[in-house]
Amino acid sequence: MTNAAVQLTGLTKRFGALTAVDGLDLTIRRGEVVALLGPNGAGKSTTIDMLLGLQRPDAGTVLLDGQSPAKAIAKGTVGALLQSGGLLPDLTAGETVRLTAALQQRSRPVRDVLDRAGVTEFANQRVGGLSGGQQQRIRFAMALVADPELLVLDEPTTGMDVETRRGFWTTMRQETAQGRTVLFATHYLDEADAYADRIVLLRAGQVIADGTAAQIKAAVTGRTIRATLPGADLVGLAALPGVDRVETRGDVVMLHCDDSDTALRSLLSSTDAHDVEVTARNLEDAFIALTAAGSSK
Amino acid sequence: MRAYVRLELRRLARMPGLLIFAVLMPLLSYLLFTNLHGLTGQDRDVAATYTMVSMAGYGAIGALLNYASGVVVDRSIGWMRQLRLTPLSPVRVVVGKGLAAMVTAIVPVVALCVAGVLVNDVRLGPVQWLAIVPLLWFGALPFALLGLGMGYLATAQTVQPLNLLVYLGMSVVGGLWLPLDALPGWVAAVGRWLPTHAYADMSWQVAFGGSPTVTDLLTLAGWMVAFTGLAVVGFRRSVRSTASL
C-alpha cells in the first residue's frame with residue numbers, strides 16, 4: 001500500500017464570480033504533519049470541506065488513501081474537527097462523544113479518549129453551558145474516537161486559552177508519534193512553525209509556497225534594515241541599490257532588502273540614518289511577503 | 001442508526017415542552033368540547049367518541065410536525081455537518097429522525113384514548129381499539145414527512161410560523177376542530193380532500209362501526225407521495241450544500 005494519505009488534484013471551487021479554490025494540487029504522505037496556512041479567505045476551509053466531502057468540487061478530485069472521502073469517513077479512517085461543526089446543547093459532553101463512538105465501526109475506549117482530549121472533567125455537563133474552548137475539546141475527542149489514520153483539523157485551537165492550547169498540542173504530538181497523518185489549518189504562524197513538518201501556504205485558493213518552515217523563510221530571501229531617519233525621502237530610499245521596498249513608522253524607516261549589505265553602505269553614506277538594526281525575516285515576514293505579493297498586481 | 005435514534009429519544013425526554021404542548025392542548029380541548037352545557041344523551045356519547053379521535057389526531061399531527069421540523073435547528077447549529085463526519089449517512093439521519101418522530105405521535109393518541117374511556121365513558125369493542133390506535137399512530141406518518149420537508153426547506157426563522165399555519169390551517173379546514181358538516185360549504189369541499197380529514201376519517205369510520213373508505217386511503221396515500229417528494233427535495237438540497245447548513 002503506497003497510496004498517499006491525501007491526494008488533491010486540480011481541486012477547484014467557485015462561488016459565483018469568486019474562485020475560492022483554484023486548481024489546487026497537494027499530496028500528503030503518510031505520517032506527515034502539515035499546516036495549511038493562509039489569511040482569511042485564502043480557501044483553507046473550502047479546501048478542507050472538499051477534502052472531507054462536505055462540498056462537491058467544481059473540478060478536480062480528492063483521494064484519501066486512494067478512496068473517496070465518503071468511503072474513508074464511513075470506514076472511520078478520517079477524523080475531523082471543524083470549526084463550523086455544531087454540537088447539541090442539550091446533550092452532555094460525554095454523551096456526545098459516546099454517540100460518535102457508537103456510530104463508528106470500531107472505536108477507542110471512550111473513557112480513554114475523553115481523558116486524552118481533556119474532556120473528562122466536564123464530561124457530565126451539558127454542552128450548552130460549556131465555553132468555546134471546552135466545546136473545541138469535545139470536537140477533538142470526537143475526531144479521535146475512531147482512532148483515525150488521518151486527522152483533519154480546521155483552526156483547532158480557536159477559543160482556547162494559552163494553557164489549553166499548549167495542552168492540546170502536547171496531546172497532538174503524542175497522537176502523531178503513533179504515525180498518524182495530520183493536516184491542520186491555522187492562521188497562527190507560531191503553531192505552524194512549531195508543530196508542522198511541512199507548511200503549505202495558500203493565497204487566493206492556490207498553493208504559493210510548500211515546504212518546511214525553514215524553507216519557507218528562506219524562500220523570502222533578504223533582510224530588513226531599520227533606522228531612524230526623520231523626514232526621509234522615500235522615493236530616494238527605494239532607489240538605493242539592494243532595496244526592495246520601503247516602509248515608514250513615524251521617524252523610523254524600514255528597508256526590505258534583497259542585498260542588505262549594499263543597501264546599508266549606501267544608506268549610511270548618503271543619509272543621516274542612525275540607530276540602525278539589520279534583521280533576518282521571520283516566518284511572519286515571509287507570510288506577509290508571500291501572501292501580499294501579487295495581490296497588488 | 002439505533003444509537004442515533006436512542007440519542008434522539010434522550011433529547012426528546014429532555015425537552016418535555018414539545019410533548020406537553022402536543023398532549024395537553026388537545027386533551028384540554030377534548031374535555032372542554034365534550035362537557036359543554038346542553039350536550040346530553042346520545043349527542044354527548046357521539047361527541048365524546050368523535051372528538052376523542054379528532055383530538056388524538058390533532059395531537060399526533062402537532063407532535064410530528066413540531067418534532068420533525070426541528071431538523072431545521074440541527075441544520076442551523078451545524079449538528080448535521082458534525083454528523084457528516086461520522087459513518088452515519090445522511091439518509092440514516094433522516095430516517096432516524098423520522099422514527100424518533102413517530103415515537104412522539106403515540107403519546108397524544110394514547111392519552112386521548114385513555115381520557116375518552118376514563119372521563120367520557122367512550123365504549124368501543126376490542127377490535128375497534130386495535131384498529132383505531134394503530135390507524136391514528138401510523139396513519140400520521142405523512143405528517144412526519146411533511147415536518148421533515150419543512151425542516152429541510154425552511155430556515156430557523158420561518159419554520160415556526162410556517163408550521164403553525166400549516167398545522168392549524170389543515171386541522172380546522174380538515175374538520176378536526178369542528179365536523180365538516182358544521183363548516184361553510186366551500187370550506188368543507190376543500191377540507192374533504194385534505195390529509196388531515198382522510199387521516200381522521202379512517203378512525204371515525206371504525207369508531208362508528210364502519211371501516212376506512214377507499215377514498216380516505218387513496219387521499220392519504222396521494223398526500224403521502226407528495227410529502228415524501230417534499231422531504232426528498234429538501235433533504236437532497238441540504239446534503240448537496242452542507243456548507244450552507
Side-chain angles (χ1 to χ4, degrees), chain A residues 13 15 20 45-46 48-57 69-92 95-107 126-128 135 138-140 142-146 148 150-154, chain B residues 1-20 66-68 70-97 99-101 104 151-152 155-156 235-245:
Chain A
K13 182 77 188 178
F15 298 108
S45 292
T46 310
I48 285 185
D49 277 0
M50 288 191 285
L51 190 148
L52 295 169
L54 296 178
Q55 284 192 49
R56 218 169 280 178
K71 260 199 192 132
I73 287 178
K75 280 173 63 184
T77 55
V78 185
L81 180 162
L82 293 185
Q83 267 186 298
S84 52
L87 302 173
L88 294 175
D90 39 354
L91 297 182
T92 68
E95 282 171 340
T96 308
V97 180
R98 268 192 294 279
L99 168 81
T100 315
L103 296 175
Q104 300 290 346
Q105 288 180 7
R106 70 198 167 90
S107 77
R126 298 239 177 135
V127 172
Q135 295 196 10
I138 299 174
R139 292 194 190 93
F140 185 43
M142 294 169 83
L144 286 179
V145 82
L150 170 66
L151 261 181
V152 180
L153 314 164
D154 191 4
Chain B
M1 190 164 78
R2 207 175 302 161
Y4 178 65
V5 174
R6 247 201 324 265
L7 180 96
E8 282 290 327
L9 293 178
R10 193 177 302 178
R11 286 176 74 189
L12 189 68
R14 285 192 197 156
M15 4 178 228
L18 187 148
L19 278 181
I20 290 172
N66 215 324
Y67 182 78
V71 88
V72 76
V73 176
D74 294 3
R75 282 170 54 220
S76 64
I77 64 171
W79 173 244
M80 287 297 182
R81 222 172 133 78
Q82 193 70 48
L83 284 178
R84 289 285 296 275
L85 303 175
T86 71
L88 188 68
S89 70
V91 173
R92 282 163 178 243
V93 173
V94 69
V95 172
K97 197 88 187 169
L99 287 177
T104 67
Y152 276 113
T155 66
F235 170 76
R236 285 231 181 107
R237 200 180 71 164
S238 126
V239 169
R240 242 196 330 269
S241 61
T242 321
S244 63
L245 284 182

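Side chains included, hydrogens not; waters and symmetry mates left out as well; all remaining heavy atoms used. Quick note on labels: first sequence line is chain A, next is B, and so on, each numbered from 1.
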With rounding to the nearest 0.5 Å, note down the distance linking [atom1] in [X] to [atom2] in [Y].
X       : Y        : atom1 : atom2 : value
B:Leu85 : A:Leu81  : CG    : CG    : 9.0 Å
B:Leu7  : A:Leu103 : CG    : CG    : 8.5 Å
B:Thr86 : A:Met142 : OG1   : CE    : 7.5 Å
B:Glu8  : A:Leu88  : CD    : CG    : 7.5 Å

Among the listed options [options], the residue most often paired with chain B at heavy-atom distances under 4.5 Å:
options                             : answer
A:Gln105, A:Arg139, A:Gln104        : A:Gln104
A:Thr100, A:Leu87, A:Leu52          : A:Leu87
A:Val152, A:Val78, A:Leu82, A:Thr46 : A:Leu82

So, applying salt bridge (charged side-chain N to carboxylate O under 4.0 Å, His left out) with A:Glu95, which one of B:Arg6, B:Arg14, B:Arg11 is it? B:Arg14
B:Arg81 bridged to A:Asp49 by N-O distance under 4.0 Å: yes
Are A:Lys75 and B:Pro87 side-chain neighbours, meaning at least one heavy-atom pair lies under 4.5 Å? no
Shortest non-hydrogen separation from A:Gly86 to B:Gln82 and the atoms involved: O-CB, 3.5 Å
Given a strict heavy-atom distance threshold of 4.5 Å, which part of B:Arg10 is in contact with chain A: side chain, backbone, both, or neither? side chain
